[in-house]
Amino acid sequence: MNPDELKAAVGRAALAHVPRGSVIGVGTGSTVDRFIDALGAARGLVAGAVSSSERSSARLRERGIEVLDAAAVQRLPVYIDGADEIDPAGCMIKGGGGALTREKIVADLADRFVCIADESKRVAVLGAFPLPLEVIAMAAAQVTRRLAALGARVVPRAGFVSDNGHPILDAHGLAITDPAALECEINQWPGVVTVGIFARHRAQLCLLGTPQGVQTLRFD
Ligand code: 5RP
């Protein structure tokens, strides 16, 4: 299977984790695009979706799926999203597509996080993929200095602003051996909107696309 076929396979496999008639959380990215395609084909499976980006909202609507505001729901049974890296505990780096803040907000509404990814995303230790941080522009230099003090090489994402209107910094070269502790630490820094470590909002399950088929990893 080529990479796109792997994404389509995990996208279809995720349908088995969608309670019929529910409103679900939907993430962002090329893998989620294929999940949205599968959801559209499974007419009437969901009552609607809370989306983590303008991009996913547009794709959901194109496929006839109602997009609800996050404020309209109190909880979601499941949130389905991709990842840039996932470790053996289900902790993830996310935000390669720059949607990390809304992704964390929607994940926080959900009872379960089902990650859909190909096997290249599975790592022993997070950090080979540059860690994204959404920041308030005024704090970018200050946050950059703090990241550099941790040993990171920081690259502002050129020409990009998030759906919330903020810049993204990509922190290269961190070996994130304790994702929960680093997430907690960075969350204390003034001007950080969201750090792309998903440890508190880690996945309970990962559907991993492999050449042998879709593998299910359980973390709870
Ligand atoms: C977007 C994300 C995506 O989930 C992550 O970048 C994976 O994307 P893809 O499925 O295209 O590899 O966090 O902000």
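Numbering of ligands and ligand atoms starts at 1, following listing order.
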**Q** For ligand 1, which atoms have a heavy atom of Gly97 less than 4.0 angstrom away?
**A** 1 (C), 6 (O), 14 (O)
**Q** Does Gly27 have a non-hydrogen atom less than 4.0 Å from ligand 1?
**A** no
**Q** Among Lys94, Lys121, Arg34, Glu103, whose heavy atom sits nearest atom 14 (O) of ligand 1?
**A** Glu103
**Q** Is the backbone of Val123 close enough, under 3.5 Å, to the side chain of Glu85 for a donor and an acceptor to pair up by distance?
**A** no
**Q** Any atoms of ligand 1 less than 4.0 Å from a non-hydrogen atom of Ala99? List them with their elements.
**A** 14 (O)
**Q** Checking the N or O distance criterion of under 3.5 Å, is ligand 1 in contact with Val32?
**A** no
**Q** Quick one: pull up CD1 in Ile93 and CD1 in Ile86 and give me the separation to the nearest 0.5 Å.
**A** 11.5 Å
**Q** For atom 5 (C) of ligand 1, state which one of Ile116, Asp84, Ile93, Ile168 supplies the nearest heavy atom.
**A** Asp84
**Q** Check the side chains of Thr210 and Gln215 for a donor-acceptor pair under 3.5 angstrom, ignoring hydrogens and angles.
**A** no
**Q** I need the contact type for Ser53 against ligand 1. Using non-hydrogen atoms and a strict under-4.0 Å cut-off, is it side chain, backbone, both or neither?
**A** neither
**Q** Between Ser51 and Ser56, do the side chains contain a donor N or O and an acceptor N or O under 3.5 Å apart?
**A** no
**Q** Heavy-atom contacts under 4.0 Å between Asp81 and ligand 1: side chain, backbone, both, or neither?
**A** side chain
**Q** Identify the closest protein heavy atom to atom 3 (C) of ligand 1: which residue and atom is it, and at what distance?
**A** Thr28 O, 3.2 Å
**Q** Report, in ascending order of atom number, the atoms of ligand 1 lying under 4.0 Å from any heavy atom of Gly98.
**A** 14 (O)
**Q** In terms of side-chain geometry, is the basic nitrogen of Asp33 or Arg55 positioned less than 4.0 Å from the acidic oxygen of its partner?
**A** yes
**Q** Counting heavy atoms only, which of Ser30, Gly29, Gly95 is nearest atom 11 (O) of ligand 1?
**A** Ser30
**Q** Could you see if Ile168 belongs to whatever hydrophobic cluster contains Leu147? Use Ile, Leu, Val, Met, Phe, Trp, Tyr and a side-chain cutoff under 4.5 Å.
**A** no
**Q** Hey, is the main chain of Thr28 close enough, under 3.5 Å, to the side chain of Asp81 for a donor-acceptor pair?
**A** yes
**Q** Would Asp118 and Lys7 satisfy salt bridge (Lys or Arg N to Asp or Glu O under 4.0 Å), going step by step from the backbone distance to the final call?
**A** CA-CA 7 Å; Asp118 66 75; Lys7 288 174 191 186; 5.4 Å; no
**Q** If the cut-off is 4.0 Å to any non-hydrogen atom of Gly82, which atoms of ligand 1 fall inside it?
**A** 4 (O)
**Q** Please list the nearest protein heavy atom to atom 10 (O) of ligand 1 with its residue and the distance rounded to 0.1 Å.
**A** Thr31 OG1, 2.5 Å
**Q** Working note: Glu183 + Lys104, criterion salt bridge (Lys or Arg N to Asp or Glu O under 4.0 Å); need CA distance, chi angles, decisive distance, verdict.
**A** CA-CA 12 Å; Glu183 181 180 26; Lys104 212 174 258 193; 2.7 Å; yes
